[in-house]
Amino acid sequence: MLPAHVYVHVPFCARRCVYCDFSIAVRRVVPVDEYVAAVASELDLRFPAGGGVETDTLYLGGGTPSRLGGLGVSRLIDEIRRRVRLGGNAEVTIEANPEDVSAEHVRAWRDAGVNRLSLGGQSFDDDLLAWMHRTHDSGTIVRAVEIARREGLDNISLDLIFAVPQRAAGSWQHDVARALELEPAHISLYGLTIEPHTVLGRRRQRGELTDAGDDTYEHEFLHAHDTLGAAGFAHYEVSNFAREGARSRHNSAYWSGCRYAGLGPSAHEFDGESRRWNLAAYSEWLSAVETGRDPIGGREELTAENRRDEAVYLGLRTVDGLGVSEEELARIAIWAEAGWAAIDSDRVVRLTPRGWLRLDALAADLTLFRSRY
Ligand code: SF4
């Protein structure tokens with residue numbers, strides 16, 4: 001049966017951004033009917049009993065879900081509702097690119113039950129947006145926020161990318177300031193990492209560019225933490241900031257280790273004991289569900305050790321923190337002394353922003369320590 005959190009991957013994009021290594025399908029014309037029917041088939045095939053519990057969060061991610069348009073999103077959610085008990089208080093998020101946000105689309109999304117918009121702004125620097133091969137400029141981001149708000153969709157999250165090579169001096173500070181002017185409820189930051197199989201990866205291999213570097217990464221991350229914190233945002237997870245009551249419930253479910261379902265090409269799923277993922281290529285996923293086969297691409301059973309390591313990583317990435325043992329306190333004291341963590345009287349350790357910059361290394365340090373007990 002379906003768990004309370006459902007992710008649907010919508011793979012379509014107008015073109016590929018230079019840093020992107022996601023599983024996407026570049027389409028000028030989106031095959032809406034084909035895709036919506038295939039998601040419905042996957043639900044029937046894999047969850048014939050439908051929703052076991054009321055769905056608390058539905059997240060349309062991508063790719064670019066907004067490329068389905070108003071009617072496409074509405075039909076997708078209708079098909080899901082026919083098979084799932086979507087709670088009256090459910091958080092329903094759509095990821096959108098700014099150029100897809102029109103009054104007509106927002107009205108259709110709202111009528112279908114969407115109540116949270118995650119907007120892929122990335123930057124307000126038009127030169128940088130063009131360099132990233134994004135399909136919008138900064139003016140389009142501003143218009144998208146205005147339209148969404150006017151149409152009553154004001155639970156808006158804005159994505160920004162930092163640690164971008166070739167950025168002009170002051171451009172990141174300008175991005176953070178412009179994001180604040182738009183008064184979103186939530187902001188997500190992504191530090192750019194250059195993956196080998198991307199346009200940037202190939203340029204780096206040819207020696208045409210280098211990574212932004214650790215100092216830039218740290219400086220920009222800490223600038224965002226200080227500025228957004230001063231403006232009233234809680235830095236509640238390593239990459240996420242929210243106004244009071246505006247934390248992402250869907251992503252918080254991931255970070256709390258809850259079960260979730262994943263539908264669509266490349267979507268990941270967690271059933272409490274194992275992780276599975278769907279075939280990544282749109283054509284392969286489509287062909288599987290159209291011929292009545294489970295579109296599974298792989299599965300990983302989590303051992304007790306995997307789960308212990310994951311609990312450490314998840315606990316350290318949010319402000320909820322991680323409970324530690326008496327034996328671990330001396331280890332954590334070293335982190336605290338370095339300014340990377342704080343520990344409270346209940347032995348809950350929380351990383352500081354400087355600690356989050358070293359999240360992987362600190363999680364590895366603690367899991368290694370735990371493995372010896
Ligand atoms: S819009 Fe998002 S998913 Fe699509 S190519 Fe750009 S980064 Fe990748």
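Order of listing sets the numbers, starting from 1, for every ligand and every atom in it.
Residues His219 and Tyr217 bring no donor and acceptor atom of their side chains to less than 3.5 Å of each other. A side-chain N or O of Asn97 and one of Arg134 form a donor-acceptor pair less than 3.5 Å apart. For the residue pair Glu54 / Asn89, no side-chain donor-acceptor distance below 3.5 Å is found, with atom types taken as modelled. There is a side-chain donor-acceptor pair under 3.5 Å between Ser66 and Asp100. No donor-acceptor contact under 3.5 angstrom links the side chains of Thr352 and Arg354, judged on distance only.
With respect to Arg347, the salt bridge (Lys or Arg N to Asp or Glu O under 4.0 Å) criterion is satisfied by exactly one of Glu328, Glu327, Glu326: Glu326.
Each of the following atoms of ligand 1 lies closer than 4.0 Å to a heavy atom of Tyr19: 7 (S).
A cation-pi contact, defined as under 6.0 Å to the ring centre and within 45° of the axis, links Arg243 to Phe233.
Atom 6 (Fe) of ligand 1 has Cys17 SG as protein N, O or S atoms under 2.8 Å away.
Of the protein's non-hydrogen atoms, the one nearest atom 3 (S) of ligand 1 is Gly63 N, 3.4 Å.
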